[in-house]
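Presented below is the structure to which this report refers.
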Amino acid sequence: MLQINFVRENNQKIIDRLKARNFDASGIVEKIIDVDVKRREAQKNLDNNLAKSNALARQIGELFKSGKKDEAEKVKEQTTQLKQENKELQKELEKYKEEQETLLIQLPNIPHEAVKPGNTEDDNEIIFQSETDLKYSKDLLPHWDLATQYDLVDFELGNKVTGSGFPVYKGKGAKLQRALVSFFLDKAIEEGYAEYQIPLVVNEDSAFGTGQLPDKDGQMYHIPLDNLFLIPTSEVPVTNIYRDVILPESAFPVKCTAYSTCFRREAGSYGKDVRGLNRLHQFDKVEIVQIVKPENSYDVLDEMVNYVTSLVKLLELPYRITRLCGGDLGFAAAMTYDIEVFSSAQNKWLEVSSISNFEAFQANRMKLRYRDGQGKIHPAHTLNGSALALPRIVAALIENNQHENGINIPGALVPYTGFDSIL
RNA sequence: GGAGAGAUGGCAGAGUGGUCGAUUGCGGCGGUCUUGAAAACCGUUGAGGUGUAACAGCCUCCGGGGGUUCGAAUCCCUCUCUCUCCGCCA
């Protein structure tokens with residue numbers, strides 16, 4: 001969420017920059033400015049009235065103390081009208097505040113200047129693409145066939161137990177998953193991230209804090225009985241650890257990592273993109289989160305991209321880095337890099353990580369602030385990225401490493417799997 | 001699930017209708033002393049809104065919401081959460 005002061009002072013800039021998202025903000029911004037004026041006027045009126053009421057109340061107290069009851073009763077009469085007015089002014093102010101909040105929440109984050117305008121993922125900039133001798137071949141089996149052939153994943157069982165999008169991993173398939181989680185966590189810890197184990201369900205405040213609510217309401221599984229939500233990513237609980245917190249400068253950079261299962265309804269997804277492990281309702285992921293000083297956040301974004309890149313390199317997967325265009329950018333992000341790995345049998349790039357700088361957008365929502373050297377309070381910047389999301393990594397790993405007699409495991413993983421091939 | 005207790009500033013913990021945004025202790029920050037540190041002593045130390053060139057001033061906030069009252073952290077209603085005991089249980 002953008003701060004009202006910021007909107008007031010940068011209205012034209014906001015409208016201009018949001019064009020990169022194909023988002024016409026002019027109407028909303030105009031309304032916000034309008035409501036803001038009214039809100040402040042109402043606030044002033046109410047405050048003045050309350051000041052009068054307070055003064056009278058104090059006076060009555062004094063009079064009672066000194067035994068002048070009759071005079072006190074007289075002053076009381078003056079308060080009745082003020083009271084009535086206060087109630088009305090209060091209501092008016094509440095109304096404007098709500099209006100303003102409702103409008104502010106509708107504004108997505110402002111893309112960074114470097115973000116190119118565009119509509120879909122086709123307009124994303126390719127920043128880097130690794131050279132690869134891996135070529136698409138009709139002889140290569142897609143991972144869903146390999147998974148069945150080597151008994152790694154049972155999609156049918158998942159359908160039976162739960163439904164589509166909830167696969168059952170078996171034997172070496174299950175072990176491979178566990179190995180990847182441990183591998184990713186160990187690497188993150190080496191990189192200075194503190195490991196957390198977090199709840200897989202969150203309350204409404206948390207879902208709002210990171211921007212899932214109200215924007216992506218239908219994308220989360222909801223438990224109405226307790227009004228809790230299954231997390232779509234550990235970003236939600238991890239970042240919300242710092243909701244309503246004022247950090248000292250010395251706490252920076254805050255670096256957290258967490259492994260969690262993630263749940264996504266993926267309403268509206270269908271077709272070949274959901275085949276096999278490509279898009280699931282439940283999947284595992286290791287996430288990295290950083291909370292940093294605003295002036296460092298873009299350096300940190302680069303650092304995080306480099307780190308995630310190092311992981312796909314260790315796994316010997318061909319990859320590319322894209323920078324999302326305005327139209328493909330998430331609601332809360334100012335800049336996002338995607339890391340995609342090449343899936344040789346499907347002949348396509350699979351997104352395995354999305355690394356974003358949210359600048360102050362999440363921090364404003366969840367009141368995550370820091371105190372600078374002068375004691376002034378500012379919103380911090382938040383960033384996060386997958387490091388990494390498992391199922392698509394598994395898909396690429398087994399497709400790219402298949403050979404006539406089995407599947408090879410990349411060397412970096414062998415200490416974790418305990419086997420170097422699947423036969 | 002049953003019974004009870006509670007929710008106050010970074011933490012601990014007072015405050016049961018009238019200058020209480022809140023006594024006090026710890027912690028933090030600044031200072032005196034010291035070669036330096038510790039100890040001791042002195043001072044300072046919540047957030048938001050409005051307002052200002054900047055101060056000041058004014059307003060709001062004692063878990064959330066509502067009510068009583070001229071006036072509420074203090075009384076009433078309600079919701080949420082936490083703790084203790086019992087039950088169940090990985």
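A, B, ... follow the sequence lines: proteins, then strands. Residue 1 opens every chain.
For A:D186, the side chain to side chain contact (heavy atoms under 4.5 Å, CB included) test picks out A:Y416, with sequence neighbours left out. Partners of A:K44 by side chain to side chain contact (heavy atoms under 4.5 Å, CB included), not counting sequence neighbours, listed by chain and number: A:E41. Applying the salt bridge (Lys or Arg N to Asp or Glu O under 4.0 Å) criterion to A:D34, with sequence neighbours excluded, gives A:K38. Legend: residues meeting ring-ring contact (aromatic ring centres under 6.0 Å, His included) with A:Y242, ordered by chain and number and at least two apart, are absent. Judged as a side chain to side chain contact (heavy atoms under 4.5 Å, CB included), and not counting sequence neighbours, the contacts of A:N401 are A:L397, A:I407, A:N408, A:P410. Residues passing the side-chain hydrogen bond (donor to acceptor under 3.5 Å, both in side chains) test with A:D24 are A:S26, sequence neighbours excluded. Residues satisfying the salt bridge (Lys or Arg N to Asp or Glu O under 4.0 Å) test with A:R8, not counting sequence neighbours, are A:D36. Taking the side chain to side chain contact (heavy atoms under 4.5 Å, CB included) definition, one finds that A:A387 meets it with A:I288, A:Y307, A:V308, A:L311, sequence neighbours left out.
Remark: RNA chain B takes part in the stems B:1-7 with B:80-86, B:10-12 with B:24-26, B:27-32 with B:40-45, B:46-50 with B:57-61, B:63-67 with B:75-79, each of 3 or more antiparallel Watson-Crick or G-U pairs, criterion distances under 3.5 Å.
Among pairs with a residue in residues 378-400 of chain A, those fulfilling ring pair (Phe, Tyr, Trp, His ring centres under 6.0 Å) read A:Y370-A:H378, at least two apart in sequence or across chains.
For RNA chain B, the outermost nucleotides in 5' to 3' order that have an atom under 4.0 Å from a heavy atom of chain A are B:rG18 to B:rG71.
Applying a 4.0 Å cut-off to non-hydrogen atoms, the residues of residues 76-89 of chain A that approach RNA chain B are A:K76, A:T79, A:K83, listed by residue number.
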